[in-house]
Amino acid sequence: MARLVMKFGGTSVADIDRIRNVARHVKREVDAGHDVAVVVSAMAGRTDELVKWSREASRLHDAREYDAVVASGEQITAGLLAIVLQDIGVSARSWQGWQLPIFTSNAHGAARILDINGAELIKRFKERGEVAVIAGFQGMHKETGRITTLGRGGSDTSAVAIAAAIGADRCDIYTDVDGVYTTDPRVVPKAQRLDKIAYEEMLELASLGAKVMQVRSVELGMVHNVRIFVRSSFEKPEAIDPHAAPSGTLICDEVEIVEQQIVTGIAFSKDEAQISIRRVQDKPGVAAAIFGPLAASNINVDMIVQNVSADGKTTDLTFTVPSADYERARDTISKAKDAIGYERLDGATDVAKVSVIGIGMRSHAGVAAKAFGALAERNINIRAITTSEIKFSLLIDAAYTELAVRTLHTLYGLDKS
Ligand code: ASP
Ligand code: MG
């Protein structure tokens with residue numbers, strides 16, 4: 001007997017038929033003798049609609065009331081799933097964040113989970129054999145008693161946090177894909193599903209553009225060592241043997257991964273924009289004069305490349321920002337022109353970032369050098385490079401994204417044979 005968290009995303013609970021399908025997945029595990037806590041998202045598209053309504057009601061709405069509105073999507077699915085479970089003879093009840101309670105910070109719209117009372121759930125597993133159906137994405141701030149939400153995609157984080165709180169053997173993330181792939185299979189048909197991936201690698205993949213899980217949920221899993229299993233909710237519930245190893249991808253500690261590849265995956269993102277500041281003064285305080293105002297405007301800067309000047313006076317500085325922030329970033333820099341001191345501002349929005357990830361890079365030299373050679377052969381120009389211990393990222397022209405990803409996927413031996 002195991003203790004499981006089963007999390008179902010928006011597409012898996014998109015209508016009553018799909019909620020029935022979810023209930024059958026839950027019943028299978030309950031019948032196998034497991035204790036089950038289910039975490040649900042809002043029905044697909046519902047949260048978008050609630051966000052839109054809040055904006056329509058007022059552009060500058062009260063963040064606490066925004067949370068009161070958008071948290072409601074999950075309340076609906078939790079109730080509906082409990083009803084459907086009861087209907088097929090599974091003892092179940094729904095839980096809102098404030099009922100459990102799931103205490104969070106008071107950063108409305110982007111709250112962090114601080115504490116979850118798992119004891120009550122465990123007691124109910126023992127005494128009543130009752131499935132807990134928990135509304136994801138939401139919690140409550142202890143001092144004010146107000147409802148909070150965790151940021152878009154936050155029910156992944158709810159699920160992992162609950163798994164930690166009840167000491168679950170596994171946190172199953174049921175979604176519309178059947179696992180984590182070496183890269184996006186829509187771009188590279190030869191992409192392979194990974195059996196296992198280390199937390200750190202998944203964290204990079206998720207931050208760098210793979211949209212499987214909310215980044216914070218992976219962080220939390222890593223801190224609490226929660227074994228996270230990504231699997232498909234569209235497999236026939238009864239066709240799965242609850243005692244056999246299911247198919248999907250396990251996100252776990254790297255020590256659990258025996259056959260570690262050097263490169264595990266390739267991520268890419270086209271939501272990037274490049275800004276280059278030409279002939280900027282090369283003196284102390286200039287970087288602060290540039291990045292201070294950007295930070296103050298809440299613009300996330302990613303890659304930064306600065307050259308050492310030849311004449312000791314001026315140099316070029318390039319950085320990237322999310323394309324949505326491109327105009328704002330240019331304005332911010334232009335306004336600070338006198339304080340910074342530069343000649344010209346150049347920029348490009350038709351750029352993409354391609355990132356190669358693998359824990360094996362820690363102990364292997366020349367991994368990135370191979371990529372530079374392979375891309376040069378394809379005539380793909382690299383605009384900027386950043387590296388860390390387990391990944392490197394290349395900024396290229398967006399038109400070459402697919403070609404670059406496919407080239408690198410083959411180069412590092414990731415193609416399905
Ligand atoms: N329903 C929320 C959203 O769409 C949370 C989630 O689905 O994880 O962002
Ligand atoms: Mg999601």
Side-chain angles (χ1 to χ4, degrees), residues 5-16 18-19 21-22 25 37-56 61 63-82 94-98 100 102 104-105 107-113 116 132-140 147-164 171-177 180 202-203 205-207 209-221 226 228-234 251 271 322 324:
V5 169
M6 304 173 75
K7 186 260 168 179
F8 294 90
T11 46
S12 309
V13 292
D15 54 38
I16 302 296
R18 291 204 182 157
I19 293 177
N21 185 64
V22 163
H25 278 293
V38 188
V39 175
V40 286
S41 289
M43 292 166 143
R46 176 46 59 107
T47 309
D48 289 339
E49 186 178 42
L50 296 170
V51 169
K52 199 175 122 251
W53 284 347
S54 306
R55 291 206 181 120
E56 259 173 48
H61 46 251
R64 292 163 299 191
E65 302 307 345
Y66 165 91
D67 274 354
V69 175
V70 299
S72 65
E74 273 70 11
Q75 174 162 350
I76 296 171
T77 18
L80 287 173
L81 179 57
S94 68
W95 293 90
Q96 306 300 302
W98 60 269
L100 215 45
I102 298 172
T104 72
S105 69
H108 285 277
R112 282 185 174 266
I113 295 177
I116 297 180
V133 185
I134 301 161
F137 184 50
Q138 52 165 273
M140 121 184 211
I147 291 172
T148 55
T149 63
L150 308 178
R152 298 306 306 271
S155 36
D156 292 332
T157 301
S158 307
V160 173
I162 286 157
C171 179
D172 283 352
I173 305 287
Y174 285 83
T175 178
D176 49 4
V177 290
V180 180
M202 189 62 213
L203 209 50
L205 269 183
S207 324
K211 292 183 180 70
V212 189
M213 286 188 73
Q214 200 199 31
V215 175
R216 222 190 283 164
S217 69
V218 184
E219 251 166 32
L220 203 65
V226 175
I228 302 170
F229 191 69
V230 180
R231 57 191 296 180
S232 167
S233 65
F234 298 125
I251 308 171
D271 302 326

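Numbering starts at 1 and runs along the sequence shown. Both ligands and their constituent atoms are indexed starting at 1 by order of listing.
- By the 3.5 Å distance cut-off applied to N or O atoms, Phe137 is not counted among the residues near ligand 1.
- Using a 4.0 Å heavy-atom cutoff, Gly153 is listed among the residues neighbouring ligand 1.
- The shortest N or O to N or O distance between Thr47 and ligand 1 is below 3.5 Å.
- When the side chain to side chain contact (heavy atoms under 4.5 Å, CB included) test is applied to Ala68, the partners found at least two apart in sequence or on another chain are Glu65.
- Contacts of Phe8 classified as ring pair (Phe, Tyr, Trp, His ring centres under 6.0 Å), with partners at least two apart in sequence or in another chain: Tyr174.
- Distances shorter than 4.0 angstrom occur between a heavy atom of Gly154 and an atom of ligand 1.
- Per-residue contacts place Arg152 under 4.0 angstrom from the following atoms of ligand 1 (heavy atoms of the residue considered): 3 (C), 4 (O), 9 (O).
- Exactly one residue among Gln214, Arg216, Glu219 makes a side chain to side chain donor-acceptor pair (under 3.5 Å) with Thr157. That residue is Gln214.
- The distance from atom CD1 of Ile19 to atom CE of Met43, rounded to the nearest 0.5 Å, is 4.0 Å.
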Apply side-chain hydrogen bond (donor to acceptor under 3.5 Å, both in side chains) to residues Asp67 and Thr148 and explain how you reach the verdict.
CA-CA 5 Å; Asp67 274 354; Thr148 55; 5.3 Å; no

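- Within the 4.0 Å heavy-atom shell around ligand 1 one does not find Arg46.
- Residue-ligand proximity, Ser41 to ligand 1, at heavy-atom distances under 4.0 Å covers atoms 6 (C), 7 (O), 8 (O).
- Checked against Trp95 for a side chain to side chain contact (heavy atoms under 4.5 Å, CB included), the options Val39, Ile134, Ile162 give a single hit: Ile134.
- When non-hydrogen atoms are compared, ligand 1 lies under 4.0 Å from the side chain of Glu74 (C-beta onward) but not from its backbone.
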